[in-house]
Structures are given as C-alpha cells and as structure tokens.
Amino acid sequence: MTNEELAAVFERVADLLEIKGENAYRVLAYRRVAETLRTLGQEVSLLRAQGRLQEIPGVGKAIAEKIEELLDTGELGFLKRLEAEVPPSLIELLQIPDVGPKRAALFWKQAGITTLEALEEAARAGRLRTLPGMGEKSESRILEGIEALRRRSHRLPLGMARPMALRWVEWLRQQPGVIRVELAGSLRRWRATVGDLDLVAASHQPEALMDAFVHHPDVYRVLAQGENKASIETKSGTRLQLWCQPPEKFGSLWQYATGSKEHNVRLRGLAQKQNLSLSEHGLSDETGHEQHFADEESLYQALGLPWIPPELREDRGEIEAALKGQLPELLRKEHLQSELHTHSTWSDGAATLEEMIAAAYARGLRVIAITDHSAGLGIANGLTPERLHQQRAEIEALRQRWGDKLLILQGAEVEIRADGQLDYPDEVLAELDLVIASLHVSLRQSRSEITRRVLNAICNPHVDIIGHPSGRLLPNREGADLDWDTVLAEALKHGTALEINANPARLDLDDVYARRAAEMGIPLALNTDAHTPGDLDLIEYGIGIARRGWVEPPQIINTWSPERLLGWLRGRG
DNA sequence: GCCGTTTTCGGCCCGACTGTTTTCAGTCG
C-alpha cells in the first residue's frame, strides 16, 4: 500500500469515528496521521521494514500496529468493525456544506437516512425540518448545498485560482474606506490547488466593505455575512471568503487567515505556554487584555519567533526550525539566471527561436536552453535527428547575433518511450548541450515498469534533467505510480537533476518530493516548459513550489552562473 | 490516540456565523 492509500484508510476511520460520536481528540489523531503520511516523502513500508514506524510524528503503538496490519494484509479489522457499526455511505454526507458529523448521525439515527439521495429526497419532502435542531432554513440550506456539491468542481489549480483572486483584490481595493487588501489562505501559501479563495482587508468600515463584497455582480449566492467576515459563491461555482478588521489588527488577521490551520494550532499552543490566548484579534492574557498587531512580524515576534514565510506554514517542521533560528533561506526570483526548458515553432511552441530568446533576455536571464520535443511517436511535431541538425544551424546564427548577451544552449526534451528506450540514440544525445528526458505516454504502467523507464533515463550519462518527473496534470490526472525511493536514490547516485516544472498545470516535482530530493542533495532544475514568451512568467509558480519544499537556492541549477552550469553540463558527457 | 526540560495521566486552539433556540449547538476555517 502507498502512503496515500494508508492515509485514505485513516481518513475514513476518522470520519466514521466522528459520526459515531467518538472523542474528538481520538478522531484528530487519525486525521493528523493521515496528513503526515501524505506529506512524508518516503515510503512507510520502508520505515516499517526498519522498525521505525513510531518515529513518524503522531504514530504511537496503536496506529503503528494498524499500519503493519494494512501493509501485511491490505485490510484493517478495526475499520471493518467500524463499517459494520456506522454505514460508510454517511461519509459522503460530510461533503455537503453545513453537514458535519453531528447532523449526519442525526439523519441516520432519527430518520434512517444513510445516502446523499435519501437525504435529498427527505429534504424535498420537507421531512428534515421536523428533526430536532432543524428547521425550514436548515433544510433549504442543505438542499442548496447538495446542488452546489453537484455543480461545483473540486479544488482549483493555483494557475486558475490566483489570477481570479487577484482580480477580486483589485476590485476590493477600489472600494471606499479600504486601506489594504491581500491574498490569504492556501493562495498565499502557494499550494498547487486551492479550495476556497481567501482574502483579507483592512478598513475602518468593515461592514460597508462586506456589503459591497456580497453585492459584487459575480455573486451567485451569499453563504454568510457578518460584521467582519463574509462568504460568497460566484456564478462559476467558486467560493470566496473575505475577512476585514481595522488596520491595527491587520497583522493578526492576515496571519490567521493565511493558515494553515495546522500551523495556527501550533502557534496557539505556543501562546498557551505563555499563558496567552491567540486569535485573529491578537494575543490576550488572563485578565482579558488584548494586544493587537498591525503586521505579522510583530505577532511572530511576540510569540518568540522570527517571521515565517507563508509557504512554510504547514506544520511540517517550520515552528521547530524557527525556534532554533534555522529557517531555510528560500529561493527568490532574482536568484534565477537560466531557463532550461523551452519550446519553439520547431516543435509545438508558438514562438520562433529568436522570440523566445528575446523574451528570456528581457526577463534578465543569462542562459536559455531550447529544448524542443524529440520525434518519438509523432507527438508535438517532434524533431528527427535531421531537423535537429537544421535547428542547430539556426541556433548557431542566433549565437552570432546575440553574442555574449545571452548564452543559448541547444537541448532537447527527449521522450522516454513506453518500452523505456530514449527517443534519440546516444550519439545524437551526445551532440546536444543539454538533455531533458520526460514521460508523456503510457503513464498508467505498473509501478515496476514505469519506474524502470525513468531509471533508464536517469542512468543514461547524456541525460541531465528528468522533466516533470511524475507526469501529473492538475487537477485531474494523477502522476505515474513511481517507486520514489528508488528514483531518488538513483538520481542522487548519477547526479541527474530532477525538474520542478513551473507550469501551474504540472507543478511537478511537487513540494513534498522537491523537499525530499533537496534534503538528499539531488540537484534540482526549475523551469517553465514555456511554449510562448509569456509562459516564462509562470516561473513564479515554480518558485512557490520550491519555497514550499524548503529548497535553498544553491540546490537549484538555474541559480548557478553560466560558467558553473556549463561546467556541470560538460562534466556529464 | 498521542505525548511529555512543568506531566506516563491529563491535557490536547479559538472565534465568527447561522439557525433554532430562549442560552446554545453545529459547522467552518
């Protein structure tokens, strides 16, 4: 079983226990361990073999035993007993807004409802309103919620969510009385996908801003509206939340709304140790005296911490690192000197070589590699070795014209074929300045097959970078089922760089494996995979992932000087 | 169910908003 599959089992256990009415902290323990497994970056089965399961945070004796049972048998007796007690179809009810464990249990025990369909029928028939604590409004909210659930897609890729949120920010900034508006939530933490769009504002008249917000022309319905907080659903089915406080409280509000929830829980724990209580309003002591924070720095400082960059706020060790003064120095755009994965009209790009080169130069880069597709399987108008030679002549002419303003490399994005062979023979690869090997086809092969394909590329001395290693496409296509422990170990052994592909539809490596790779000392590449000049600006998404992965600038080959980069490439055959 | 330079038992974060209620429970982030 993979970590993700184990996590799903524990998530299911947590849902069922919660509906059953179990102790909330027991439920929380299962949820925490599910999240930890998802972001571990190494196979639990390996840790198990080394007898180190209980070294995983949140794994004690009971959960370690359950992990072992799952790894050995693929099943969990505890879950089976639970499913016999609580109908598992109730879990889908938890997806409905305003339906949590208490109400799911209520519908089940008092009305015999166990499925979404039965709940909808009961609501339409007006039977829900007769249940204790329910009324007409709750009933219609639930009906609306079920419809919204069907209408609404899953999490939005950051590449769609961010531009949409920025348009709202611009609009809100123009409202009267507004002093400041910023992104918060997972948007600000640069998570690859985003659920709701979270925004924060500073204003002396919060209620007026809330009123303007819920009357924006794109609003489909208002989910909640109070003095300091409102929540709406747009016509396209996206949910937005806006918090507002006067400017003297903006720091604690922004920190609170940025999250993550887990990070905030840890901060409140730190506050408690000082006999203080932390909320979005600030820090209050036992006498009820409240200290306000206009900026985040002073809030973190009051808790005895340096300011923690939003991308790290996931409770993945950032609090401990901050307490020790050991936060990483994170990547910034100005560290980057090269773009090593671009396409032109020679294959499936939209711009000529010169247009791409000029665009890279205009963005202050010192190196660009042109890496058009190889001919394999006829995809993307890939280049045969003959056309590759013709392209080389054109690149040579451009080198003459651009002189030492910009280093232009001829590379290729070489297909890793379904049989594991690379698309060009070694003698063709040897002629190139830089070689990226990527998976595009047969991504659903078995773990052993697809891992062998990637290893074949990693071990080839001409291959410098593995492009978008998992092949995932957000939000729907899962990446290949790679044996990551082996892939990472071999990349380290051969010094082959793994790419963080900055295209928001990919963001691959993801933050978890980028972090693991960096910890191991594997070189990383950070590229946009640009097919148009404007795509070069997508680099900010990749920077977000690198920062979320705690990757420090020297670990990214794109931060190296042209001389160092060339030296590295030449040393690789 | 986990965890421990205040604890191996007793803790485990906090407030806004809504709806159904006459003071609060449920949900959410």
Side-chain angles (χ1 to χ4, degrees), chain A residues 10 13-14 17-19 21-34 36 53-67 78 93-107 128-142 144-145 184-187 189 194-200 206 210 214 222-232 239-245 249 252-253 255-284 290 303 313 315 323:
Chain A
F10 289 126
V13 166
L17 283 176
E18 200 168 24
I19 295 171
E22 254 299 344
N23 177 294
Y25 293 107
R26 194 179 172 206
V27 173
L28 195 61
Y30 283 104
R31 288 207 197 287
R32 279 200 181 131
V33 90
T36 303
L53 282 181
Q54 293 197 40
E55 289 176 27
I56 303 170
V59 175
K61 188 161 173 287
I63 291 183
E65 280 171 7
K66 290 182 174 69
I67 292 175
F78 178 59
L93 302 191
L94 302 179
Q95 303 296 312
I96 306 167
D98 302 319
V99 177
K102 297 279 166 46
R103 282 181 169 167
L106 176 76
F107 300 150
L128 291 187
R129 68 184 70 173
T130 62
L131 296 171
M134 295 287 296
E136 277 184 53
K137 282 190 177 172
S138 296
E139 189 176 71
S140 61
R141 264 180 94 98
I142 283 170
E144 281 172 17
S186 45
L187 279 170
R189 304 198 312 278
V194 174
D196 302 344
L197 310 186
D198 295 316
L199 307 174
V200 292
M210 291 299 145
V214 302
V222 179
L223 302 165
Q225 181 185 1
E227 283 175 62
N228 301 107
K229 180 182 163 182
S231 167
I232 59 106
R239 286 167 178 239
L240 278 92
Q241 288 195 95
L242 175 65
W243 287 267
C244 185
Q245 291 286 343
K249 288 187 178 181
S252 30
L253 174 67
Q255 193 290 315
Y256 162 81
T258 298
S260 67
K261 195 177 168 186
E262 293 74 18
H263 176 87
N264 288 357
V265 167
R266 290 292 310 277
L267 287 194
R268 293 191 189 114
L270 283 184
Q272 270 196 326
K273 283 189 183 166
Q274 304 176 38
N275 288 319
L276 299 169
S277 169
L278 176 65
S279 77
E280 63 262 51
H281 298 290
L283 271 176
S284 49
E290 204 169 67
L303 293 169
R313 300 183 195 169
D315 189 25
L323 284 168

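Chain letters run A, B, ... following the sequence lines, proteins first, then strands; residues in each count from 1. Every value quoted in this text rests on a predicted model; they were computed, and no experiment measured them.
Formation of a donor-acceptor pair under 3.5 Å by the A:Asp196 side chain with backbone atoms of A:Leu240 is not found in this model. No side-chain donor-acceptor contact under 3.5 Å links A:Arg141 to the backbone of A:Pro97. Of the possible donor and acceptor atoms, none in the side chain of A:Arg239 sits under 3.5 Å from a partner among the backbone N and O of A:Ser231. A:Arg103 places a side-chain N or O within 3.5 Å of a backbone atom of A:Asp98 that can act as its donor or acceptor partner. In terms of modelled atom types and a separation under 3.5 Å, the side chain of A:Ser260 and the main chain of A:His263 share a donor-acceptor contact. The closest donor-acceptor contact from the side chain of A:Asn264 to the backbone of A:Tyr256 lies under 3.5 Å.
One atom, CG of A:Leu106, and another, P of B:dG19, lie 17 Å apart when rounded to the nearest Å. Rounded to an integer number of Å, the gap from A:Asn275 CG to B:dC13 P is 15 Å. When the C1' atom of B:dC3 is taken as reference, atom CD of A:Glu55 falls 16 Å away, rounded to whole Å. The distance between atom CG of A:Leu270 and atom P of B:dC14, rounded to the nearest whole Å, is 12 Å. Summarising the geometry, the separation between CD on A:Glu262 and C1' on B:dC14 is reported as 15 Å, rounded to the nearest angstrom. One interatomic measurement links the two molecules: NZ of A:Lys249 to P of B:dA16, which rounds to 8 Å at whole-angstrom precision. Separating the CG atom of A:Leu28 from the P atom of B:dG1 is a distance of 13 Å, rounded to the nearest angstrom. Rounded to whole Å, atom C1' of B:dG15 lies 11 Å from atom CG of A:Asn228.
The CZ atom of A:Arg268 lies 7.5 Å from the OG atom of A:Ser279; values are rounded to the nearest 0.5 Å. Remark: A:Lys61 NZ to A:Gln54 CD distance equals 8.5 Å, nearest 0.5 Å.
Residue-level contact check: A:Glu22 touches neither bases nor backbone, having no heavy atom under 4.0 Å from any strand. As judged by a 4.0 angstrom heavy-atom cut-off over every strand, A:Leu278 is placed among residues touching the sugar-phosphate backbone only. Across all strands, A:Arg266 comes closer than 4.0 Å to no nucleic acid atom at all (heavy-atom distances). Nucleic acid contact for A:Asn264: none, since no nucleic acid atom lies under 4.0 Å from a heavy atom of the residue.
Nucleotides B:dC2 and B:dT6 have their P atoms positioned 23 Å apart, rounded to a whole Å. To the nearest whole angstrom, the two C1' atoms, one in B:dT8 and one in B:dC13, are 24 Å apart. Taking the P atom of each, B:dA16 and B:dG11 are spaced 26 Å apart, rounded to whole Å. The separation of B:dT18 from B:dT23, taken at their C1' atoms, amounts to 15 Å, rounded to a whole angstrom. B:dC28 sits 25 Å from B:dT22 when the C1' atoms are compared, rounded to a whole Å. Taking the C1' atom of each, B:dA25 and B:dT20 are spaced 9 Å apart, rounded to whole Å. B:dT5 and B:dG1 have their C1' atoms separated by 24 Å, with the value rounded to a whole Å. The separation of B:dG10 from B:dG15, taken at their P atoms, amounts to 26 Å, rounded to a whole angstrom.
Considering only heavy atoms from C-beta on, A:Met134 comes within 4.5 Å of A:Phe107 through its side chain. Side-chain atoms of A:Thr258 and A:Val200, non-hydrogen and from C-beta on, never get closer than 4.5 Å to each other.
Phosphate proximity of B:dC14 to A:His281: absent, as no side-chain N or O sits under 4.0 Å from OP1 or OP2. For the OP1/OP2 pair of B:dC14 and a distance below 4.0 Å, the side-chain nitrogens and oxygens of A:Ser277 include at least one atom meeting the criterion. Residue A:Ser231 places none of its side-chain N or O atoms closer than 4.0 Å to OP1 or OP2 of B:dC17.
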Inset, instruction - Indicate for each nucleotide in nucleotides 22-29 of chain B, in 5' to 3' sequence, whether protein heavy atoms under 4.0 Å reach the base (B), only the sugar-phosphate (S), or nothing (-). - result: ----SSSB
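Of the nucleotides present, B:dC12 is the one that pairs with B:dG1 by Watson-Crick or G-U wobble criteria, both distances under 3.5 Å.
Residue A:Arg31 places its CZ atom among more than 12 non-hydrogen atoms of other residues, nucleotides or ligands, all under 6.0 Å distant.
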What nitrogen or oxygen pairs link the protein and nucleotides 5-12 of chain B at under 3.5 Å?
none

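DNA chain B is contacted by both A:Ala29 and A:Glu227; A:Ala29 maps to the nucleotide lying nearer its 5′ end (nearest heavy atom per residue).
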